[in-house]
*Asks:* 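Take a look at this one; I'll ask things after.
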Amino acid sequence: MGLDEIKRRVAAAEQAAGRAAGAVTLIAVSKVQPNARVTAVLDAGQRTFGENYVQEAQGKWPGWRDAYDGVSVHMIGPLQSNKAKPAVALFDAIHTLDRMSLARKLAQQVAEQGRSPQLFVQVNTGDEPQKAGILADELPGFLTSCRDLGLTPEGLMCIPPEGQDPVPHFRLLRRLADENGLPLLSMGMSADFEAAIAEGATHIRVGSAIFGARDYG
């Protein structure tokens with residue numbers, strides 16, 4: 001499909017939802033993509049990227065930041081607490097703040113490094129026992145605890161349950177964000193980003209529709 005087509009669809013979805021042009025940040029999910037594919041997307045002007053693995057991102061992005069102005073790299077995968085130090089140093093945003101042990105580690109690193117990535121709290125909107133994230137009814141208390149540590153979460157993130165209509169989950173996330181005074185919503189991926197934009201997404205995470213299928217070989 002490619003970057004240009006995704007950008008066209010994002011713009012059309014913004015317009016259809018009555019939202020300002022450019023209201024949505026497109027995160028190109030570059031995890032395990034060959035370098036040539038990523039540099040082609042960089043050359044095409046894309047500047048916001050998503051990664052799932054700290055070590056992989058460490059190996060790629062410092063050099064690309066030097067070569068391309070204005071690059072922003074977002075952590076969108078599960079973050080181990082023992083990787084908090086390099087994550088705070090490397091990422092401009094972390095979308096997967098999902099437990100107090102991680103919040104404490106991030107707060108320690110923010111204080112030590114004097115910089116804070118933009119923070120999104122991952123919400124388990126489907127109440128799925130196997131999935132990471134804060135449950136909806138536990139979110140206000142979790143946010144208070146994060147703020148007590150000196151963290152300032154700015155948004156929420158969700159991954160709706162596979163095989164379900166994502167729209168009720170997007171609407172729940174929007175309501176939770178509104179109730180808790182959070183302006184940012186990270187929701188919507190390749191298959192459902194237009195629905196997410198209609199429900200207020202500020203950040204969408206699109207990988208294979210931009211880069212092509214991933215090669216995990």
Side-chain angles (χ1 to χ4, degrees), residues 1-14 19-80 83-97 106 109-110 112-120 122 152-155 157 159 183-191 193-194 196-197 201-217:
M1 188 173 296
L3 179 64
D4 287 345
E5 173 64 10
I6 294 299
K7 284 183 170 180
R8 185 196 65 74
R9 287 172 58 188
V10 169
E14 288 172 336
R19 300 181 62 190
V24 177
T25 298
L26 171 62
I27 302 170
V29 180
S30 46
K31 65 175 183 180
V32 305
Q33 291 290 352
N35 286 359
R37 288 187 188 177
V38 181
T39 54
V41 172
L42 280 160
D43 288 338
Q46 176 68 18
R47 289 294 179 268
T48 306
F49 292 83
E51 292 286 342
N52 278 49
Y53 310 106
V54 173
Q55 194 166 352
E56 181 187 350
Q58 282 179 303
K60 299 190 303 195
W61 285 104
W64 283 333
R65 281 186 197 275
D66 291 341
Y68 296 89
D69 289 337
V71 165
S72 179
V73 186
H74 293 222
M75 178 62 173
I76 61 170
L79 180 57
Q80 296 172 287
K83 295 284 180 34
K85 182 174 182 177
V88 168
L90 178 63
F91 293 108
D92 300 286
I94 293 171
H95 291 237
T96 48
L97 173 51
L106 289 172
Q109 289 304 318
V110 166
E112 288 182 11
Q113 298 185 37
R115 75 181 301 271
S116 178
Q118 207 167 47
L119 296 175
F120 294 74
Q122 182 171 349
T152 54
E154 295 179 58
M157 183 272 254
I159 303 171
L184 304 180
L185 286 169
S186 172
M187 60 189 196
M189 297 186 282
S190 291
F193 68 83
E194 282 134 327
I197 290 171
T202 60
H203 293 68
I204 59 171
R205 310 179 302 272
V206 180
S208 55
I210 293 174
F211 293 102
R214 295 185 184 92
D215 178 10
Y216 289 97

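Remember, it's a predicted structure, so these values are computed and weren't measured experimentally. Counting from 1, the numbers follow the sequence of the chain as shown.
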*Asks:* Quick one: pull up OG1 in T152 and CG in L119 and give me the separation to the nearest 0.5 Å.
*Replies:*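 CG of L119 is found 6.5 Å from OG1 of T152.
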
*Asks:* Would you call E56 and K31 a salt bridge, taking side-chain N to carboxylate O under 4.0 Å as the test?
*Replies:* no

*Asks:* With sequence neighbours excluded, tell me which residues meet salt bridge (charged side-chain N to carboxylate O under 4.0 Å, His left out) with R65.
*Replies:*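 Only D92 meet the salt bridge (charged side-chain N to carboxylate O under 4.0 Å, His left out) criterion with R65.
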
*Asks:* Any side-chain heavy atom of V206 sitting closer than 4.5 Å to one from I27?
*Replies:*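 Side-chain contact under 4.5 Å: no.
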
*Asks:* Inspect the surroundings of CG in D43 and state if more than 12 heavy atoms from other residues, nucleotides or ligands are less than 6.0 Å away.
*Replies:*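 It does: D43 CG has more than 12 such atoms within range.
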
*Asks:* Using a 4.5 Å cut-off on heavy atoms from C-beta on, say whether the side chain of V54 contacts that of Q58.
*Replies:* yes

*Asks:* On a heavy-atom basis, which atom in W64 and which in V71 lie closest, and how many Å separate them?
*Replies:*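 Result for this residue pair: O-CG2, 4.3 Å.
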
*Asks:* What's the spacing between M157 CE and R205 CZ if we round to 0.5 Å?
*Replies:*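 These two atoms lie 4.5 Å from each other.
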
*Asks:* Judged by atom type as modelled, is there a donor-acceptor pair below 3.5 Å linking the side chain of Q46 to the main-chain atoms of T48?
*Replies:*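 Side chain of Q46 to backbone of T48: a pair is present.
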
*Asks:* With rounding to the nearest 0.5 angstrom, report the CZ to OG1 distance, F120 to T202.
*Replies:* 5.5 Å

*Asks:* Grab the two heavy atoms, one from L3 and one from A44, that are nearest each other, plus how far apart they are.
*Replies:* CD2-CB, 3.8 Å

*Asks:* What is the distance from atom CG of L106 to atom CG of L97, rounded to the nearest 0.5 Å?
*Replies:* 6.0 Å

*Asks:* How far does CD1 of I204 sit from OG1 of T25, to the nearest 0.5 angstrom?
*Replies:*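 So the gap between those two atoms works out to 9.0 Å.
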
*Asks:* For H95 versus S186, what's the shortest heavy-atom pair and its separation?
*Replies:*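 Where H95 meets S186 most closely, the heavy atoms are ND1-OG, 2.8 Å.
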
*Asks:* Should the ring pair H74 and H203 be called parallel, tilted or perpendicular, given that the plane angle runs from 0 to 90° and is split at 30 and 60?
*Replies:*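 Judged by the thresholds at 30° and 60°, the geometry between H74 and H203 is tilted.
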
*Asks:* Kindly indicate whether the side chain of V88, heavy atoms from C-beta on, has any atom under 4.5 Å from the side chain of P117.
*Replies:* yes

*Asks:* Give a yes or no on whether the backbone of A89 and the side-chain of Q113 come within a donor-acceptor separation of less than 3.5 Å.
*Replies:*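 Here the side-chain-to-backbone pair exists.
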
*Asks:* Quick one: which residue pairs count as a ring pair (Phe, Tyr, Trp, His ring centres under 6.0 Å) with a foot in residues 19-52, not counting sequence neighbours?
*Replies:* F49-W61

*Asks:* Drop me the distance from K60's NZ to Y53's OH, to the nearest 0.5 angstrom.
*Replies:*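 That separation rounds to 10.5 Å.
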
*Asks:* Heavy-atom distance under 4.5 Å between the side chains of L42 and R47, does that happen here?
*Replies:* yes

*Asks:* Is it the case that more than 12 heavy atoms not belonging to K85 sit under 6.0 Å from its NZ atom?
*Replies:*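 Not more than 12 within 6.0 Å, no.
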
*Asks:* Is it true that, when you exclude Q55 itself, more than 12 heavy atoms of the residues, nucleotides or ligands shown sit nearer than 6.0 Å to its CD?
*Replies:* no

*Asks:* For A57 and P62, work out which heavy atoms get closest and say how close.
*Replies:* O-CD, 3.7 Å

*Asks:* Using every non-hydrogen atom in the two residues, find where E51 and S30 come nearest and quote the distance to one decimal.
*Replies:* OE2-OG, 2.7 Å

*Asks:* For residues F193 and V24, determine if any side-chain heavy atom of one lies less than 4.5 Å from a side-chain heavy atom of the other.
*Replies:*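 Not in contact.
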
*Asks:* If you apply the rule side-chain contact (heavy atoms from CB on, under 4.5 Å), what do you find for V29 with F211, and how did you get there?
*Replies:* CA-CA 8 Å; V29 180; F211 293 102; 5.5 Å; no

*Asks:* Assess the residue pair L90 and M75 against the criterion (side-chain contact (heavy atoms from CB on, under 4.5 Å)); give the C-alpha distance rounded to whole Å, side-chain angles, the decisive distance to 0.1 Å, and a yes or no.
*Replies:* CA-CA 9 Å; L90 178 63; M75 178 62 173; over 6 Å; no

*Asks:* Okay, side chain of Q122, backbone of P78: is any donor-acceptor separation there less than 3.5 Å?
*Replies:* no

